[in-house]
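What follows is a set of notes on a single structure, which appears directly below.
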Amino acid sequence: MAEKIMLIDGNSIVNRAFYGVPLLTNGEGRYTNGVYGFLNILFKLLDEEQPDYLAVAFDLHAPTFRHRTFDGYKGTRKGMPEELREQMPLLKEVLQAMHIPIFEQEGFEADDILGTLSALAEKNGIVPVVVSGDRDLLQLAGETLKVRIPKTKGGRTETEDYYAADVQAKYGVTPAEFIDMKALMGDTSDNIPGVPGIGEKTAAKIITQYHDIETAIAHAAEIKPKKASENLAAYQEQARLSKFLATIVRDMPLEWDKESLKIGDMFNQTAYELVKRLEFKSMFSHFEGSASAPKQAEQTYRFVADREGAKEVLAALKKGEVGYAFVYENEEGQGLALYQEQLGGVWIEASMAFLMQELLEIFQPFFADSAYRKIGHDVKKDIRFLRSYGYNGFTAEFDTAIGAYILNATGSSYEYDDIAATFLNETYPSQEEVFGKGRTKKAFAALPEAERTAYGARQAEIFFRARKVMEERLAENEQKSLFYDMEMPLIYVLADMEKYGIKVDKAALLAYQKRLGESLDGMEEEIYALAGEKFNINSPKQLGVILFERLGLKGGKKTKTGYSTAADVLEKLRTAHPIVERILHYRQLAKLKSTYADGLLAVMDAETEKIYSTFNQTITATGRISSTEPNLQNIPVRLELGRELRKIFIPESAEFCFLDADYSQIELRVLAHISGDESLIAAFKSNQDIHRMTASQVFHVPFDEVTPLQRSNAKAVNFGIIYGKGAFSLGQDLGISRKEAEEYINAYFARYPKIKTFMEDTIKNGAKNGYVSTLWNRRRNMPELQSSNFMQRAAGERAAMNMPIQGTAADIIKLAMIKVHRALQEGGYRSRLILQVHDELLIEAYKEEKDAVAKILKENMEHAADLLVPLDVDVHEGASWFEAK
DNA sequence: CCAGTCACG
DNA sequence: ACGTACGTGACTGGA
């Protein structure tokens, strides 16, 4: 079989890739999506074509012979976006590392290089395959020369393939005629003029009949329509010029050196290192089969499945650092993996013959003794698991999931394979790759013994070794205290909160659900009547049609998919039609019923009638914790009907009551501290109504004469400042002009100049360092700040200004939780912390301890941090969350 | 699986 | 001139 060469149009493929793959950055903050997309296309096509030779051609910035012939050539083309431009050297670096030849030649475009190389290849008996995103290349298609046009769609790459016959079939012209067609119709993207008045349709007709422009010009008089006929005659020189510009050169001066094009050791160590640095995990596998890939997991692990073996392992275990990992399948423990340097990796498996209960019993001394300094991953999960077997008090020294999160809070996941890739530069199959997914998912027990062993023991080893790397990086970042004194201790607080859960008044919740259901039924009928037909009110699409087409309301398009029917749009239409108000009301009730009434009942434990949320410590970019299944941090409170729902959250028994403590204005206080603004600090020190104070200072009115409107406007300004909000949207919210809003903001910054300085410095340092941080050195990487895209940079700047404020507040309440938890434990109280909602703690207090606990709460929260302003905490008591708020 | 919507701090 | 507030999670409809 003939040999094959693949020739790639570098610029056009990287462009396609860039726009087809969402903007990605790696941990260093470099944009990588263009390179990623390019390599994806490259690997896929290499796999399909199996070529023997390979080359990539790029355009240079220098003008080409086409520019010299025609000044306007490519004059309309916009430059590459900065986010892509900075990836070009990176792409070339990767190609070089893979020993893929790169062609660039002054005076010529990539097209010409491809045209010439493909011609040379054919002359030398090698079959060319040309890859480009640009249809101009179709003129090269031939009997054996295939042109492939890849498209990246939703992460997948599809290609359109063209031999000469395919071009004929699709466009009705031969590849050579394709050039003549373009000469007539022109090309705005390259600024090829063509002939005025001749577009794609007419050009196709003319070329199908006359085959080339010279013949067509000779027969210009016969051509219809008249306009085309006249213009073709009048602009024949322009047509010839256009043909010249559109023709790809196939004989430019180029050395043919076959050997240098031969595909060599592409998947080598240098390239692998680069791909790892770029964090292209899905590509690692390409490198693994090759001899130069790093060794990994060649080590053999021990498999143990009985009492005697387990006891031996325990005896061999030394006090000191130990990597450990439980393997779970649907919350059920399959076994325990341990790793120490002198021990190696061991997988101890539970089974019908060796129950998990026995396994845990044997290892009880290990779990109970903190001289075994345990390094695990998602320790909270292990605490819960051990507790379900009656073992309490488990502690670990290091949680690698949390370590990875502290070192990069914006990571997408922190699974063991992510940890190994990030900290050890090693790649392992992910959980999904081991077990599959969906209906073809395999059970753990279905894997061969050697795989089960490797899967478990490998994790314990990864955690053990990654800890050392993390430790160094935490030290470099001065984040050891954040990690060891805040995040690690918090694990046990959250584990307890998840253990206690919160009791639900089931009867009241059912009644609430029923009440909502009945209201909704009635409203549905009313809305159908007003609309004049039945439709699905929950479908924004159908609702949009009803409102803006059938009823003719003016709202216009807003979203990509059609009309926006969001609350703020409907709010403006409230008076336009009676249906609008009912829809808003319907939406409110529907939300309460589906998310809260139905949703909470679905997750309530039938046995205990409690709800057990999960608190996640590695999700948010700012350091807050999040709550899932259910989310207990977004229970309604702002509107009365929703707030009623809080009556169903009650203490576990009559011996308990709720104490709810919340920080007053914590974010503004943090802002006062971090910025050091004397005026704002003074306001908090004198314990004044801060929004009234701001109003008085910004609007220049005496404190006592501030009107309610001024106060509420000042409040909006205060919040706007925290979020980096601009004049436009502040004006929207307050219903004032952009100009007025701007004046408010200017007055604000004039009055509080250090806040302005703080914002500016945060952005400046963020851009310089690539991250912003809190008072406790929590970091958020912010590569967006270096973006040249206005929108992305502006959004990045807002996030950058907000993170130190929101994040420091998060740090403070975390410290408070640890203190409160410790004080309750050490004081031997039965009261316990059960919920955190960002600036609020909910305690289930043993009634006899109520007053003492209220004091503990207030003291520990107010003294969790020592700022330039006092922290102020309000504590309320009640027989439900509703009452205690 | 994504977009739209809406609940919270 | 750009488009327009930070951070979350859950539910619904519809490709």
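Just so it is clear, the structure is predicted and the values come from calculations on it, not from any experiment. Here is how names work: the chains are called A, B, and so on, in the same order as the sequence lines, proteins then strands, and each is numbered from 1.
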Kindly say if S594(A) contacts the phosphate of dA10(C), meaning a side-chain N or O under 4.0 Å from OP1 or OP2. no

Derivation and outcome, side chain to side chain donor-acceptor pair (under 3.5 Å), residues Q806(A) and E667(A): CA-CA 6 Å; Q806(A) 187 182 118; E667(A) 292 194 346; 4.7 Å; no

Assert: residue with more 5' nearest nucleotide on DNA chain C, out of S627(A) and G720(A), is G720(A)

Name the closest nucleotide to the A621(A) side chain, picking from dC6(B), dT5(B), dG7(C). dG7(C)

Separation of dT12(C) atom P from K591(A) atom NZ, nearest Å, is 10 Å

Does the side chain of T565(A) pick up a donor-acceptor pair with the side chain of R587(A) at under 3.5 Å? yes

Report which part of the nucleic acid E667(A) touches: base, sugar-phosphate, or nothing (heavy-atom distance under 4.0 Å, all strands). nothing

Does OP1 or OP2 of dG9(C) have a side-chain N or O of T595(A) closer than 4.0 Å? no

Considering just the side-chain nitrogens and oxygens of T620(A), establish if one lies under 4.0 Å of OP1 or OP2 belonging to dG7(C). no

Quick check: Y752(A) with Y748(A) (ring centres under 6.0 Å apart)? yes

Bracket string, DNA chain C, 5' to 3' - pairs by Watson-Crick or G-U geometry under 3.5 Å, | interstrand: .....|||||||||.

With DNA chain C as reference, determine whether R780(A) or R738(A) sits nearer its 5' end, using the nearest nucleotide of each. R738(A)

Is there a donor and acceptor pair, one atom on the side chain of R638(A) and one on the base of dG9(B), closer than 3.5 Å? yes

Proximal nucleotide (of dA10(C), dA15(C), dC8(B)) relative to the V637(A) side chain: dC8(B)

To the nearest Å, how far apart are I813(A) CD1 and dG9(B) C1'? 10 Å

Heavy atoms from other residues, nucleotides or ligands near CD of E549(A) exceed 12 (cutoff 6.0 Å): yes

Take the angle between the ring planes of F719(A) and H691(A) and call it parallel below 30°, perpendicular above 60°, tilted in between. tilted

Do any side-chain nitrogens or oxygens of K593(A) fall under 4.0 Å of OP1 or OP2 in dC11(C)? no

Does the side chain of Q513(A) come under 3.5 Å of the side chain of D598(A) through a donor N or O and an acceptor N or O? yes

Between dG3(C) atom P and Y723(A) atom OH, what is the distance in whole Å? 24 Å

Between C1' of dG7(C) and NE2 of H838(A), the distance in whole Å: 8 Å

State whether E784(A) and R793(A) are salt-bridged, where the test is any N-O pair (Lys NZ or Arg NE/NH1/NH2 against Asp/Glu carboxylate O) under 4.0 Å. no

Whole angstrom value for the distance that separates P of dG7(C) from NZ of K725(A): 15 Å

For N631(A) and dA7(B), what is the distance between atoms CG and C1' respectively, to the nearest whole Å? 8 Å

Take atom C1' in dA5(C) and the same atom in dC8(B), then report the distance between them in whole Å. 16 Å

Report which part of the nucleic acid A809(A) touches: base, sugar-phosphate, or nothing (heavy-atom distance under 4.0 Å, all strands). nothing

Mind checking the C1' distance from dC2(C) to dC6(B)? Whole angstroms is fine. 28 Å

Whole Å only: how far is the NZ atom of K541(A) from the C1' atom of dT5(B)? 17 Å

Regarding E629(A), tell me which of base, sugar-phosphate or nothing describes its non-hydrogen contacts under 4.0 Å with the strands shown. sugar-phosphate

For DNA chain C, determine which residues of residues 790-808 of chain A have any heavy atom closer than 4.0 angstrom to one of its atoms, and list them numerically. F790(A), M791(A), R798(A), A799(A), N802(A), Q806(A)

Nearest to the side chain of D839(A) - dA7(B), dG13(C), dG9(B)? dG9(B)

Answer yes or no: does atom NZ of K858(A) have more than 12 heavy-atom neighbours from other residues, nucleotides or ligands under 6.0 Å? yes

Candidate pair Q617(A) and I491(A), rule side-chain contact (heavy atoms from CB on, under 4.5 Å), full reasoning: CA-CA 8 Å; Q617(A) 213 177 336; I491(A) 295 173; 3.5 Å; yes

Is it the case that more than 12 heavy atoms not belonging to K506(A) sit under 6.0 Å from its NZ atom? no

For a side-chain contact (heavy atoms from CB on, under 4.5 Å) check, start with the C-alpha distance between V493(A) and F615(A), then their side-chain angles and the critical distance, and finish with the verdict. CA-CA 10 Å; V493(A) 182; F615(A) 295 98; over 6 Å; no

Counting heavy atoms from C-beta on, name the nucleotide in dC6(B), dC8(B), dT12(C) closest to the side chain of N538(A). dT12(C)

It should be established whether N634(A) places a side-chain nitrogen or oxygen under 4.0 Å from OP1 or OP2 of nucleotide dG9(C). no

For I619(A), which contact category applies under a 4.0 Å heavy-atom criterion: base, sugar-phosphate, or nothing? sugar-phosphate

Between N718(A) (CG) and dA5(C) (P), how many Å, whole number? 18 Å

Students often get this wrong, so: under 4.0 angstrom with heavy atoms, is N789(A) touching a base, only sugar-phosphate, or nothing? nothing

